[in-house]
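Scope of the values below: all heavy atoms of this structure, side chains included, with no hydrogens, waters or symmetry mates.
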Amino acid sequence: MRNTKRYKVDGANSLWHIYKTVPFLKVMKNFIVIQVARYTPFLAMKNWLYRNFLQMKVGENTSFALMVMLDIMFPEKITVGSNSVIGYNTTLLAHEYLIKEYRLGAIKIGNEVMIGANTTVLPGVTIGDGAVVSAGTVVHKDVPAGAFVAGNPMRVIYTAEQMHERKNNDTFLDNI
């Protein structure tokens, strides 16, 4: 189960209550910062924008590829460790607006995590250190450290132990 906090709403669906949950000017500022960062090719600039304008925690040498879409309403609930790669067009959501409720949950991405292109990470998820998330995966639950996960629904393809064994049998780096 994801670690989210649920908030009930009355009347219209929860998205109609958006500016009761987050200030309009905050959303506008976040929108502008995120759009600038999505298109800039300068990794250090993206990290600087995310840390200074969105209050995200972003580790050293982390790379956000082109077109990564961060949660526009609650980017401060996203933490990414050091030396991680967030692939092209990935979406990181810290909120869900549903019919009768909305949910908020922090996203915690560890160190040296690889997230493939076109992945969606849902609120309240933790991705452990050294994990690999295949392209196109919907991350709807926690990912164990060192595991390789893929699919929709997401499932563990290799555990950390199996990944370690595969890396030990890989001779590619031995020839460099």
Side-chain angles (χ1 to χ4, degrees), residues 1-9 12-40 46-47 49-59 62-81 84-111 113-129 131-145 147 149-156:
M1 186 62 142
R2 290 181 285 135
N3 187 18
T4 59
K5 186 165 183 184
R6 300 168 65 184
Y7 301 88
K8 289 185 180 184
V9 296
N13 71 66
S14 65
L15 201 51
W16 279 96
H17 298 268
I18 187 170
Y19 298 117
K20 295 176 187 172
T21 62
V22 60
F24 174 78
L25 291 176
K26 176 185 175 188
V27 174
M28 289 305 299
K29 176 200 63 146
N30 292 352
F31 173 81
I32 292 165
V33 171
I34 290 167
Q35 290 305 315
V36 168
R38 289 183 81 195
Y39 291 95
T40 188
K46 288 182 189 209
N47 291 350
L49 288 167
Y50 295 157
R51 288 180 191 121
N52 291 290
F53 289 97
L54 303 181
Q55 283 68 55
M56 287 176 55
K57 293 175 190 75
V58 178
T62 285
S63 301
F64 290 86
L66 191 68
M67 301 299 291
V68 169
M69 187 63 199
L70 302 175
D71 190 296
I72 198 166
M73 292 173 233
F74 302 97
E76 69 277 5
K77 292 185 175 290
I78 301 170
T79 300
V80 183
S84 291
V85 175
I86 312 300
Y88 175 85
N89 206 35
T90 289
T91 302
L92 304 176
L93 292 172
H95 78 274
E96 295 177 310
Y97 284 90
L98 307 171
I99 301 295
K100 301 285 185 191
E101 67 180 277
Y102 66 95
R103 301 174 188 163
L104 303 178
I107 293 175
K108 296 175 185 158
I109 299 170
N111 299 315
V113 170
M114 173 64 212
I115 298 178
N118 296 305
T119 292
T120 300
V121 180
L122 296 178
V125 167
T126 297
I127 301 174
D129 292 343
V132 177
V133 179
S134 177
T137 299
V138 177
V139 182
H140 68 284
K141 60 184 176 181
D142 291 349
V143 176
V149 299
N152 182 13
M154 182 194 84
R155 64 184 181 93
V156 175

- With no hydrogens and no angle check, is any side-chain donor or acceptor of Thr90 less than 3.5 Å from a backbone partner on Gly87? yes

- Message: Between Arg103 and Tyr97 (side chain of the first, backbone of the second, donor and acceptor by atom type, cut-off under 3.5 Å), is there such a pair?
- Response: no

- Item | Check: Asn13 and Leu98 side chains under 4.5 Å, non-hydrogen atoms | no

- Message: For Val139, run the side chain to side chain contact (heavy atoms under 4.5 Å, CB included) check against Thr126, Leu122, Thr119 and tell me which one passes.
- Response: Thr119

- Lys29 atom NZ, over 12 foreign heavy atoms within 6.0 Å: yes

- Query: Heavy-atom count around Arg6 CZ within 6.0 Å, excluding the residue itself: above 12?
  - Reply: no

- Task: Compare every heavy atom of Ile127 with every heavy atom of Val113, then report the nearest pair and how far apart it is.
- Result: CG1-CG2, 3.7 Å

- Query: With a 4.5 Å heavy-atom cut-off, do Leu92 and Thr120 have their side chains touching?
  - Reply: no

- Task: Check for a donor-acceptor pair, side chain of Lys46 on one end and backbone N or O of Val36 on the other, with a separation under 3.5 Å.
- Result: no

- Query: Can you tell if the side chain of Val68 reaches within under 4.5 Å of the side chain of Tyr88, non-hydrogen atoms only?
  - Reply: no

- side-chain hydrogen bond (donor to acceptor under 3.5 Å, both in side chains) partners for Asn111, two or more places apart: none

- Query: Given side chains that start at C-beta, do those of Val80 and Phe64 come closer than 4.5 Å, heavy atoms only?
  - Reply: yes

- Quick one: does Arg38's side chain have a donor or acceptor within less than 3.5 Å of a partner on Ala65's backbone? no

- Task: Can you see which heavy atom on Ala150 is nearest to which on Ser134, and at what distance?
- Result: CB-CB, 3.4 Å

- Item | Point-to-point distance, once rounded to the nearest 0.5 Å, from CE of Met67 to OH of Tyr39 | 3.5 Å

- Task: Under the ring pair (Phe, Tyr, Trp, His ring centres under 6.0 Å) rule, collect the residues that match up with Tyr19, sequence neighbours excluded.
- Result: Phe24

- Query: Please, which pairs that meet side chain to side chain donor-acceptor pair (under 3.5 Å) have at least one residue in residues 72-81, sequence neighbours excluded?
  - Reply: Lys26-Glu76

- Message: Counting C-beta onward and ignoring hydrogens, is there a side-chain heavy-atom pair between Pro153 and His140 closer than 4.5 Å?
- Response: yes

- Query: Just by modelled atom types, is the Gly124 backbone N or O under 3.5 Å from a matching donor or acceptor in the Thr4 side chain?
  - Reply: no

- Student check: side-chain heavy atoms of Leu54 and Asn30 closer than 4.5 Å: yes

- Message: If you compare all heavy atoms of Ile34 against all heavy atoms of Leu70, which two are closest, and at what distance to 0.1 Å?
- Response: CD1-O, 3.8 Å

- What residues form a ring pair (Phe, Tyr, Trp, His ring centres under 6.0 Å) with Phe31, not counting sequence neighbours? none

- Heavy-atom distance under 4.5 Å between the side chains of Met154 and Lys141, does that happen here? yes

- Query: For the side chain of Asp142 and the backbone of Val125, is there at least one donor-acceptor N/O pair under 3.5 Å apart?
  - Reply: no

- Which residue pairs pass the salt bridge (charged side-chain N to carboxylate O under 4.0 Å, His left out) test with at least one member in residues 13-22, sequence neighbours excluded? none

- Query: If you measure from OG on Ser63 to CD1 on Ile115, what distance do you get to the nearest 0.5 Å?
  - Reply: 12.0 Å

- When rounded to the nearest 0.5 Å, the distance separating NZ of Lys108 from CD1 of Ile78 is 13.0 Å

- Query: Step by step, would you call Val9 with Ile99 a side-chain contact (heavy atoms from CB on, under 4.5 Å)?
  - Reply: CA-CA 8 Å; Val9 296; Ile99 301 295; over 6 Å; no

- Of all the heavy-atom pairs spanning Ala147 and Val156, show the shortest one and how long it is. CB-CG1, 4.5 Å

- Note on the structure: Heavy-atom closest pair (Thr137 atom, Val149 atom, distance to 0.1 Å) is OG1-O, 4.1 Å

- Within-4.5 Å side-chain heavy-atom neighbours: Thr21 and Tyr7: no

- Query: Can you check whether Gly136's main-chain N or O pairs, donor with acceptor, with Asn152's side chain at less than 3.5 Å?
  - Reply: no

- Task: Provide the closest heavy-atom pair for Pro123 versus Glu96 in the form atom of the first, atom of the second, distance.
- Result: CG-CG, 3.4 Å

- Across all chains, not counting sequence neighbours, the side-chain hydrogen bond (donor to acceptor under 3.5 Å, both in side chains) partners of Asp71 are His95

